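Remember, predicted model here, so these are calculated numbers, not experimental data.
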Amino acid sequence: MAPAASELKIGKKVNEGKTKEVYELPEIPGCVLMQSKDQITAGNAARKDRMEGKAAISNTTTSCVFELLQEAGVKTAFVRKHSDTAFIAAHCEMIPVEWVCRRIATGSFLKRNPGVKEGYKFYPPKIEMFYKDDANNDPQWSEEQLIEAKFCFGGLTIGQTEVDIMAHSTQAVFEILEKSWQPQNCTLVDLKIEFGVNILTKEIVLADVIDNDSWRLWPSGDRSQQKDKQSYRDLKEVTPEALQMVKKNFEWVAERVELLLKTKSQGRVVVLMGSPSDLSHCEKIKKACAAFGIPCELRVTSAHKGSDETLRIKAEYEGDGIPTVFVAVAGRSNGLGPVMSGNTAYPVVNCPPLSADWGAQDVWSSLRLPSGLGCPTTLSPEGAAQFAAQIFGLNNHLVWAKLRSSMLNTWISLKQADKKLRECTL
């Protein structure tokens with residue numbers, strides 16, 4: 001069990017950057033303390049100023065962002081917030097590459113790509129990488145350069161598979177944060193992140209920090225309202241008044257970033273089963289819904305034997321104003337899904353528990369429907385939960401983040417399985 005925050009023993013300093021220090025934690029093997037500084041820099045520290053309170057602001061921002069990503073299912077080095085100015089992270093050997101994801105062309109991209117106007121939008125987002133080399137102003141690298149560098153960190157050689165994983169992860173992280181800022185009416189313009197190799201698990205994880213130095217953030221999509229570090233870069237002269245304006249921008253972000261962990265959107269899944277014998281099938285749906293953070297209720301009703309009760313239950317859930325997806329679980333002749341679909345404007349999905357004996361015949365009662373009905377059919381309980389999640393994810397960034405992370409993790413697992421198979425074959 002990890003020691004309490006006040007009792008945490010801090011070891012020697014293992015690294016120091018422009019805005020943070022990294023310390024060993026002797027009592028928590030495989031972990032380090034990431035301590036932020038009250039310092040703001042620009043242009044590889046060509047401009048550098050002390051900003052009182054920035055350490056706490058940056059730590060709040062980073063902790064909230066990593067909590068959001070971790071809860072979604074993205075693998076990160078973040079463990080927990082330790083204090084106002086520090087957090088605990090898994091000890092990683094850092095890969096010296098900054099990955100940048102852009103939705104809107106601005107900043108250095110315009111200088112490197114003359115003829116592209118500011119505001120040009122990238123679909124999908126544009127991925128770039130820059131080798132961390134202060135002496136050469138962090139030159140842009142290609143995937144081929146990164147692969148040919150033959151880096152090895154934490155016992156892991158960085159090859160095509162690892163580069164692809166980082167590229168896909170960069171896009172997924174950007175899209176999750178972009179979606180999360182939208183309810184705040186803020187446009188995430190671009191994002192800079194770094195990866196490391198966890199020294200214990202030997203896997204690539206999102207590491208370092210993601211704070212107000214890491215992105216461009218434009219309220220209402222308006223660059224003139226920018227709240228990120230660009231407001232510091234753009235200063236012609238750093239005065240106490242100007243620095244105070246920058247600090248207010250950073251505080252504005254830190255206050256709102258905590259809202260990314262919440263959602264005003266409501267939603268639930270109501271599973272209607274035609275018989276208690278279908279309970280095990282329905283419990284799988286409920287378990288899968290829980291993984292997406294979606295409340296799920298189970299009810300027993302038969303559209304054939306108790307149509308009036310089925311419609312009464314339907315009206316109960318329609319009447320309280322909570323967005324609802326109904327899942328109809330009925331074997332043999334499925335009257336439940338079609339009856340529900342014909343009598344509600346809410347989404348209905350069929351998820352029949354087919355038997356080995358008559359399943360091929362029974363499924364047609366879920367597939368061949370009268371005109372005017374629109375209830376799709378999925379045979380997988382997990383698929384029914386995912387269908388509901390995709391509906392709620394349209395207006396709930398936390399659910400959407402879990403869906404996007406699941407896509408990423410599935411892609412990564414397939415990529416790693418292919419690599420492992422090829423290595424065994426060779």
At what distance, to the nearest 0.5 angstrom, does [atom1] of [X] lie from [atom2] of [Y]?
| X | Y | atom1 | atom2 | value |
| --- | --- | --- | --- | --- |
| Lys179 | Leu398 | NZ | CG | 11.5 Å |
| Lys402 | Ile294 | NZ | CD1 | 9.5 Å |
| Leu33 | Lys20 | CG | NZ | 13.0 Å |
| Phe109 | Gln140 | CZ | CD | 8.5 Å |
| Cys282 | Lys286 | SG | NZ | 10.5 Å |
| Glu148 | Ser142 | CD | OG | 9.5 Å |

- Task: Apply the test salt bridge (Lys or Arg N to Asp or Glu O under 4.0 Å) to residues Asp38 and Lys247: give CA-CA distance (whole Å), side-chain angles for both, the deciding distance (0.1 Å), then the verdict.
- Result: CA-CA 11 Å; Asp38 281 341; Lys247 182 179 178 181; over 6 Å; no
Counting distance only, does the side-chain N/O of [X] pair as donor-acceptor with the main-chain N or O of [Y] below 3.5 Å?
| X | Y | value |
| --- | --- | --- |
| Lys150 | Ile147 | no |
| Lys81 | Ser63 | no |
| Arg47 | Ile40 | no |
| Ser366 | Thr377 | no |
| Ser275 | Asp278 | no |
| Thr410 | Ser406 | yes |
| Asn113 | Val116 | no |
| Asp138 | Asp133 | yes |
| Ser220 | Asp222 | no |

Would you say that [X] contacts [Y] through its side chain, given a criterion of any heavy-atom pair below 4.5 Å between the two side chains?
| X | Y | result |
| --- | --- | --- |
| Val205 | Phe195 | no |
| Val271 | Arg299 | no |
| Glu175 | Trp400 | yes |
| Cys351 | Ile285 | yes |
| Tyr232 | Asp49 | yes |
| Tyr131 | Pro96 | yes |
| Asp134 | Lys18 | yes |

Given Glu203 and Val197, is the side chain to side chain contact (heavy atoms under 4.5 Å, CB included) satisfied, shown in steps? CA-CA 5 Å; Glu203 62 182 348; Val197 178; over 6 Å; no
TODO: Determine, stepwise, if the pair Arg103 / Leu191 fulfils side chain to side chain contact (heavy atoms under 4.5 Å, CB included).
DONE: CA-CA 9 Å; Arg103 177 66 76 190; Leu191 175 70; over 6 Å; no
- Task: Mind running salt bridge (Lys or Arg N to Asp or Glu O under 4.0 Å) on Lys132 and Glu194 for me, showing each step along the way?
- Result: CA-CA 10 Å; Lys132 295 189 69 174; Glu194 296 181 35; 3.0 Å; yes
Worksheet entry | Plane angle bin for Phe66 and Phe87 - parallel if under 30°, tilted between 30 and 60°, otherwise perpendicular |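 Aromatic pair Phe87/Phe66 classed tilted.
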Under 30°, 30 to 60°, or over 60°: which ring-plane class applies to Phe326 and Tyr317, parallel, tilted or perpendicular?
->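 Ring orientation of Phe326 relative to Tyr317: perpendicular.
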- Do Trp181 and Trp215 have ring centres separated by under 6.0 Å?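 Here the rings of Trp215 and Trp181 have centres that are less than 6.0 Å from each other.
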Indicate, with yes or no, if the rings of Phe392 and Phe387 have centres closer together than 6.0 Å.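 They do not qualify: ring centres at least 6.0 Å apart.
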Q: For Val209 and Asn59, run side chain to side chain contact (heavy atoms under 4.5 Å, CB included): C-alpha distance rounded to whole Å, both residues' side-chain angles, the deciding distance at 0.1 Å, then the answer.
A: CA-CA 9 Å; Val209 299; Asn59 192 53; over 6 Å; no
> After noting the C-alpha distance and the side-chain angles of Phe151 and Glu162, does the key distance pass the side chain to side chain contact (heavy atoms under 4.5 Å, CB included) rule?
Replying inline: CA-CA 11 Å; Phe151 286 135; Glu162 291 68 33; over 6 Å; no
query: Can you check salt bridge (Lys or Arg N to Asp or Glu O under 4.0 Å) on Asp164 and Lys419, steps first, answer last?
result: CA-CA 12 Å; Asp164 289 346; Lys419 178 187 176 184; over 6 Å; no
inquiry  = My understanding is that only one of Asp234, Asp190, Asp228 makes a salt bridge (Lys or Arg N to Asp or Glu O under 4.0 Å) with Arg216; could you say which?
reply    =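 Per the salt bridge (Lys or Arg N to Asp or Glu O under 4.0 Å) rule, the option paired with Arg216 is Asp190, out of Asp234, Asp190, Asp228.
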Under the salt bridge (Lys or Arg N to Asp or Glu O under 4.0 Å) criterion, do Glu21 and Lys13 qualify, and how do the steps go?
CA-CA 7 Å; Glu21 298 169 332; Lys13 185 190 295 185; 3.4 Å; yes
Donor-acceptor pair between Ser36 and Ser58 side chains, under 3.5 angstrom
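Judged by distance alone, the side chains do not pair up.
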